[in-house]
Amino acid sequence: MGVVSSCCESCFRSRKSQQYEPLLLENEREAVADLLQYLENRTTTNFFTGSPLSALTTLSFSDNVDLQRSAALAFAEITEKEVRPVGRDTLDPILFLLSSHDTEVQRAASAALGNLAVNTDNKLLIVKLGGLEPLIRQMLSPNVEVQCNAVGCVTNLATHDDNKTKIAKSGALVPLTRLARSKDMRVQRNATGALLNMTHSDENRQQLVNAGAIPVLVSLLNSPDTDVQYYCTTALSNIAVDAVNRKKLAQSEPKLVSSLVQLMDSPSLKVQCQAALALRNLASDEKYQLEIVKADGLSSLLRLLQSTYLPLILSAAACVRNVSIHPQNESPIIESGFLQPLINLLSFKDNEEVQCHAISTLRNLAASSEKNKQAIVKAGAVQSIKELVLEVPMNVQSEMTACVAVLALSDELKGQLLEMGICEVLIPLTNSPSSEVQGNSAAALGNLSSKDGRTTTDDYSAFNDVWEKPDGGMHRYLYRFLTSPDATFQHIAVWTIVQLLESGDPQLISNIRSSSLLIPNIRQLATTRTSSPASSLGGTPHSHNSQSHSYQDTETGDGQGEIQLLARRILDFIEGDGDGAMTPSAPPSQFQAASFREPEGSIGGRDHDELRKSVREAFSGGSVGH
C-alpha cells in the first residue's frame, strides 16, 4: 500500500503562524498546542489514548480543512511506525476524515486506516464501523494516490475470513476489478492482491466471476510485474477449483493454458509454482488435460519436477498426476522422459504428498497400455516399490500397492514381478492397519495368481516360497480374509484360492488341500450364505470363471452368491481324487471393476465411497487423481 509523507511538528508550526491563529476555535488552538508538544516527545507518547488521542480527535472533527489535513497526516505517520489494536475512539475520527472531500485528507486517512488494518482485531472493527463504504467511494476517486491507499486498505481487510463476504456484498468487487487494469502499477498490485484475497470461498469466487474478474486476471498474466503475475495466477488457480468456473474459462479464455505454461518458465519461483498449481486445477477436466500437453506443458513440468525446491516439485507432481489421467497422455508423458524422475520421487521422504503424486502418476501411466506397463517395470518402479513400501507412510503404501495391482494385470509381467520377490512385501501388508492397504495388496496378489491362457510351463513356485512366510505367508493371509467380516475380503480369498488351484502346481494344491485353517472356513462359506456386510472398501471383484456379477448386488438363479459358488468349486476339487489343475468353466480372470478416473480434488478425509473407489482401481487399473 502507498505510504503517506511523514508529518512533523513543523507543519503545525508553519500553519499555526500563517493561517490558524485568526481562524481557530479555542479548543482547536489548545489541541494544536498539545499535539505539537506530544510530537516533540513522540517516542514516549501513546497517541491511541488519553490527551494525545483527544487532541487528534478535535482536529479531525474540525471544520477547518487544514486542521483535518494535519490530523490525517499525523494519524498516517503514527500508524506507520506503530500498529496496535485500537478502539472505536481511534477509528471514528479516521473514518470521519475518510469522508472528507479534500484529496490530501482522503489520501492520508486511508493510509492510516490501511496501516491499522494490518492488525487482526482492527480488520474486524473497521468493517463493523462502516469503513467499507467510504473506502469504495475513494476507490472511485480520480486521484491515483487516493485509489492506491483505499485499495491497499481493502486488500488488508480482505485477509480476514469474516470480512470477505461482507466485502463481496458491499459492491467493492466491480471497482476492484476496474482498478486492476490501472496504469499505475501500485494500484494494479493492490487491486489484484485484493481480488486474490477474495478467492478463498465458493460464494466469493462466484461473485468475482460475476463482477467480470476472469478476463482481467487472464490478461494480467502477461504483466511485466512479478507481483501482479503472482496474484493473478494464484487467483485463477483458486477460481479453477470450481467445475462451473473451469467451464467458463474453457469457453472464454482460449489463451489461458499457453499463458500459464509460459509462466512456468518465469524468473520468479513463486510464479512458476502457482502456474503449475493453476494448471493442476484446470487439469481436473479432460479438455485441459489434453490442452496442457498440446501447449508443450510437459517440458516445463519435467524441469520443475527435477527442481531442488520443494514447492516446485510438489506443484509439478500434482499437475502431472492430473494430466496423466487422460489415456491419450500416457505415452506422451513416458516419451517425454518422466519415468525416471517419478521413480526417483518415490523415495522423497521429505514429503509424503510428493510420493503419493509420483506413484499415482505411475499407476495412471500403466492403466491402458501393455507397452507402458512394461516400460514402467523396466525403468525400475517395482524394485523401488519393493525396497520402500514397508517403510513409507500408510497413504503412500496404499498408492504403491494399488500400482502393483495394476501392473500385475499384465500376463507378460507376472513372472517378472514374482521373480523380483514382490510377494514378500505384499503379504505383510495384507495385515496392515489400513483396510485400503490390505485390499490393494490382496488385489495385487490375486492378479499375480491369475493368468489367461495358462500353460504347463507357468511357474508358480514363488507362491510356494511364501506359503508360510513372511508373517504367516499366503496361508495366514488367506485365512484372515476368509474369516473377515468383510464380504469383499472373503471374495478375494476364495477367488485367489481358485486361481492357485487352477495353476495345476502340485505343491500349491497340496498346501491348500492339507490346510486345517483354510478348508473348514471354505466349507462354512460353501454351506451357508454369508451374512457379512457389504465391504466398506468396494464392490466385490467380478469372476469370469463363474460369469457372475458382484456378490453384493447380484445373485445367481439358485439364490446363492458368488462367494458360495467359488467356495463350493474349491471343495469339489479338493475333495475329488484328481491332482491336476482345476478345469475352469470360463477363462481365468483378474479382479475387475469399473474403471475410475478422478482428478485431484479438494483436501479432506477419505470416506467410504473413496475407499470403495480405491480398491476398484486396484482391481481394474483405472487412472486416478487425489
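Only a predicted model underlies this, so the values are computations on that prediction, with no experimental measurement involved.
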Exercise. Does any donor atom in the side chain of E436 or S398 lie under 3.5 Å from an acceptor atom in the other side chain?
Worked result: yes

Problem set entry | Closest heavy-atom pair and its distance - A408, A444 | CB-O, 4.0 Å

For this session: State whether the side chain of K386 and the backbone N or O of M420 hold a donor-acceptor pair below 3.5 Å, judged by distance alone.
Result: yes

Exercise. Are the side chain of Q272 and the backbone of S266 linked by a donor-acceptor contact shorter than 3.5 Å?
Worked result: yes

Problem set entry | Point-to-point distance, once rounded to the nearest 0.5 Å, from CG of L304 to CG of L314 | 11.5 Å

Seminar exercise, completed: Of all heavy-atom pairs linking A194 and T155, the shortest is CB-OG1, 3.3 Å

Exercise. Are D459 and S461 linked by a side-chain donor-acceptor pair shorter than 3.5 Å?
Worked result: yes

Seminar exercise, completed: The reported gap from CE in M264 to OG in S259 (rounded to nearest 0.5 angstrom) is 11.5 Å

For this session: May I ask you to check whether over 12 heavy atoms, not counting those of R480, lie within 6.0 Å of atom CZ?
Result: yes

Exercise. Considering all heavy atoms of both residues, which atom of S360 and which atom of R321 are nearest to each other, and what is their separation?
Worked result: OG-NH2, 3.1 Å

Exercise. Is D265 paired with R303 through a side-chain N to carboxylate O contact shorter than 4.0 Å?
Worked result: yes

For this session: May I ask you to say whether E330 pairs ionically with K371, meaning some side-chain N is under 4.0 Å from a carboxylate O?
Result: no

Problem set entry | Side-chain heavy atoms of L345 within contact of Q355, under 4.5 Å | no

For this session: Report yes if some heavy atom in the side chain of C423 is under 4.5 Å from a heavy atom in the side chain of F463; otherwise report no.
Result: yes

Problem set entry | Any donor-acceptor N/O pair, R246 side chain to A240 backbone, under 3.5 Å | yes

Exercise. Is a donor on one side and an acceptor on the other found under 3.5 Å between the side chain of N245 and the backbone of I239?
Worked result: yes

Exercise. Tell me, do D296 and S299 make a side-chain contact under 4.5 Å, heavy atoms counted?
Worked result: yes

For this session: Give a yes or no on whether the backbone of L407 and the side-chain of S410 come within a donor-acceptor separation of less than 3.5 Å.
Result: no

For this session: May I ask you to test the C319-V323 pair for a side-chain heavy-atom distance under 4.5 Å?
Result: yes

For this session: Could you tell me whether the side chain of Q306 and the main chain of L302 form a donor-acceptor pair under 3.5 Å?
Result: yes

Exercise. Where do L362 and I359 land on the side-chain contact (heavy atoms from CB on, under 4.5 Å) test, with the steps shown first?
Worked result: CA-CA 5 Å; L362 289 170; I359 187 61; 4.3 Å; yes

Problem set entry | Exam field: side chain N329 to backbone Q289, donor-acceptor pair closer than 3.5 Å | yes

Seminar exercise, completed: Residue set satisfying side-chain contact (heavy atoms from CB on, under 4.5 Å) with A317, at least two apart, ordered chain then number -> L305, H357

Exercise. Hey, are E352 and N395 close enough side-chain-wise for a donor-acceptor pair under 3.5 Å?
Worked result: yes

Problem set entry | Q251, CD: over 12 other non-hydrogen atoms inside 6.0 angstrom | yes

Problem set entry | OH (Y479) with more than 12 external heavy atoms under 6.0 Å | no

For this session: Answer whether the closest heavy-atom distance between the side chains of S450 and K414 falls below 4.5 Å.
Result: yes

For this session: For S284 and N281, indicate whether the former's side chain and the latter's backbone hold a donor-acceptor pair under 3.5 Å.
Result: yes

For this session: State, yes or no, whether a side-chain contact exists between V218 and L236 at a heavy-atom distance under 4.5 Å.
Result: yes

Seminar exercise, completed: Closest non-hydrogen atoms of A358 and L342, given as atom of the first, atom of the second and distance, are CB-O, 3.6 Å

Problem set entry | Spacing of CG belonging to N197 relative to NZ belonging to K164, to within rounding of 0.5 Å | 5.0 Å

Exercise. Roughly how far, to the nearest 0.5 Å, is CD of E253 from CG of L260?
Worked result: 11.0 Å

Exercise. With a 4.5 Å heavy-atom cut-off, do Q229 and L263 have their side chains touching?
Worked result: yes

Exercise. After noting the C-alpha distance and the side-chain angles of F481 and D486, does the key distance pass the side-chain contact (heavy atoms from CB on, under 4.5 Å) rule?
Worked result: CA-CA 8 Å; F481 273 48; D486 191 313; over 6 Å; no

For this session: Check the surroundings of atom CD in E370: do more than 12 heavy atoms from other residues, nucleotides or ligands lie under 6.0 Å from it?
Result: yes

Exercise. Taking all non-hydrogen atoms of both residues, which atom of V392 and which atom of M400 are closest, and how far apart?
Worked result: CG2-SD, 4.1 Å

Between side-chain atoms of residues 467-475 and protein atoms elsewhere (two or more places apart, or another chain), which donor-acceptor pairs fall under 3.5 Å?
from : atom 1 : to   : atom 2 : distance (Å)
E468 : OE2    : H475 : ND1    : 3.1
H475 : NE2    : S515 : OG     : 2.5

Problem set entry | Check ion pair D227-K270 (N to O, under 4.0 angstrom) | yes

Problem set entry | Closest non-hydrogen atom pair between Q490 and S484, with its separation | NE2-O, 2.8 Å

Problem set entry | Residue pair V382, I376: steps toward the side-chain contact (heavy atoms from CB on, under 4.5 Å) verdict | CA-CA 8 Å; V382 175; I376 289 167; 5.9 Å; no

Exercise. Got a donor-acceptor contact below 3.5 angstrom from the N372 side chain to the A366 backbone?
Worked result: no

For this session: Kindly state each residue pair satisfying salt bridge (charged side-chain N to carboxylate O under 4.0 Å, His left out) with at least one member in residues 230-241, sequence neighbours excluded.
Result: none

Problem set entry | Side-chain heavy atoms of I422 within contact of L426, under 4.5 Å | yes

Problem set entry | Test item: S336 side-chain N/O and P332 main-chain N/O as donor-acceptor pair under 3.5 Å | yes

